[in-house]
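One-based numbering, in listed order, for ligands and for the atoms of each. The chain is numbered in sequence order, starting from 1.
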Amino acid sequence: MHVIYTNEHNLHAPPLEYDGDLNRMKAHPERPERANAIADALRSEGVGTFKDPTPIEERDLHTVHDGAFVSLLLSLPDGAGAMGPDSFALRRLAQKPRGPKSLLGYYCFDAQTPVYPDSPHAILGSAATACTGATDVLAGHTPVYALCRPPGHHAGRDYYGGYCYVNNAALAARRIEAAGRVAVLDVDYHHGNGTQDVFYTSNSVYFASVHADPNVAYPFFSGYPDETGAEAGEGCTANYPLPLGTRDEEYLAALDRALSGIARFDPAALVCSLGTDAYEGDPVGKLSVSEACFREMGRRIASLGRPVLVVQEGGYDVHTIGRCVLRFLEGLS
Ligand code: OKP
Ligand code: ZN
């Protein structure tokens, strides 16, 4: 199994997070230790052949993203330090402003996704990791594991947020689309709103997501069952929200429903957005999925019998994230 990985992600290390508590910033959960823990776990178990991604350039992001959006993200002014907006556009009212900070507020949808001077290296490295994984799947390798960091599934064509800057899984799906229909299955704890949005009107990419009920879980404004796609893509989006506290059996029942939808769509290949934040011990997620369940998820996904690219999304318990990924890849292989 190819494991695509670059340590460039270490260059992006947001120290603190604002989560609505105006009196106190907290340690940011999306930290370098996450990916380092996964890489260490795979290496120490001798799982996979590690391979560096082939570098990509800004223009390679245009298959999914708006040009002005990525150019802002990747080239904030020198010496600006950590950057985030202090004002967010409601785009039905908004004109696009000129200053970099105000422009960030045009493209960003939350307060938890800061851009640091070295973040662009990590963002491009993460996207390249997913793209190289896609190329390997096209070349006949399966499964392939893209150890991406930062994650991507909350980023849309022209917006970022949720610790995500560009959409790694969507970039990979676009690349694999050259070989035919693609399904994206998102099993991160959080709804993959960005990926859904990118493919919402497409009938060549199916999107299915199993996640915590957005009434009570981030990203709050999407991931409901009545979101089923639009125009040519009507019927090509499927959401399976779960109550907080959901355990293995109910989780797997929802996964089975998602997998039957994918089987009916009959894709040439599958991209799986894997977050381990549904794990019972995760500090961000509030579902109750066991370590063993990750192996069973991998098994059931493998039984579709399609080539699979796994793209890493969330998962915040640095002590168990490696084991959860190992179990999942075990089940898949
Ligand atoms: C990104 B991915 C915790 C607040 C959480 C943002 C969650 C982004 C998750 N202090 N808010 O889907 O794992
Ligand atoms: Zn998540």
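- The minimum distance between the Zn ion (ligand 2) and any N, O or S atom of D277 involves atom OD2.
- Not a single donor-acceptor pair under 3.5 Å links the side chain of R34 to the backbone N or O of P29.
- By the 30° and 60° cut-offs, the orientation of the rings of H12 relative to Y165 is perpendicular.
- For the pair R295 and F328, the cation-pi criterion (under 6.0 Å, within 45° of the ring axis) is not fulfilled.
- The shortest non-hydrogen separation linking Y316 to D282 is N-OD2, 2.7 Å.
- For R91 and Y106, the positive end sits near the middle of the six-membered ring, less than 6.0 Å away and at most 45° from its axis.
- Ion pair R299/E330 not flagged as a salt bridge, since none of the NZ, NE, NH1 or NH2 atoms sits closer than 4.0 Å to an Asp/Glu carboxylate oxygen.
- Distance OH/Y5 to OG1/T129: 9.0 Å, rounded to 0.5 Å.
- Nearest N/O/S atom of D188 relative to the Zn ion (ligand 2): this is OD1.
- Among the heteroatoms counted here (N, O or S) of H190, ND1 is the one nearest to the Zn ion (ligand 2).
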Between ligand 1 and the protein, which N/O pairs are shorter than 3.5 Å?
from, atom 1, to, atom 2, distance (Å)
ligand 1, 10 (N), E17, OE1, 2.8
ligand 1, 11 (N), Q112, OE1, 2.7
ligand 1, 12 (O), H153, NE2, 2.6
ligand 1, 12 (O), H154, NE2, 2.7
ligand 1, 12 (O), D188, OD1, 3.1
ligand 1, 12 (O), H190, ND1, 3.1
ligand 1, 13 (O), D188, OD2, 3.4
ligand 1, 13 (O), H190, ND1, 3.3
ligand 1, 13 (O), D277, OD2, 3.0
ligand 1, 13 (O), Y316, OH, 2.5

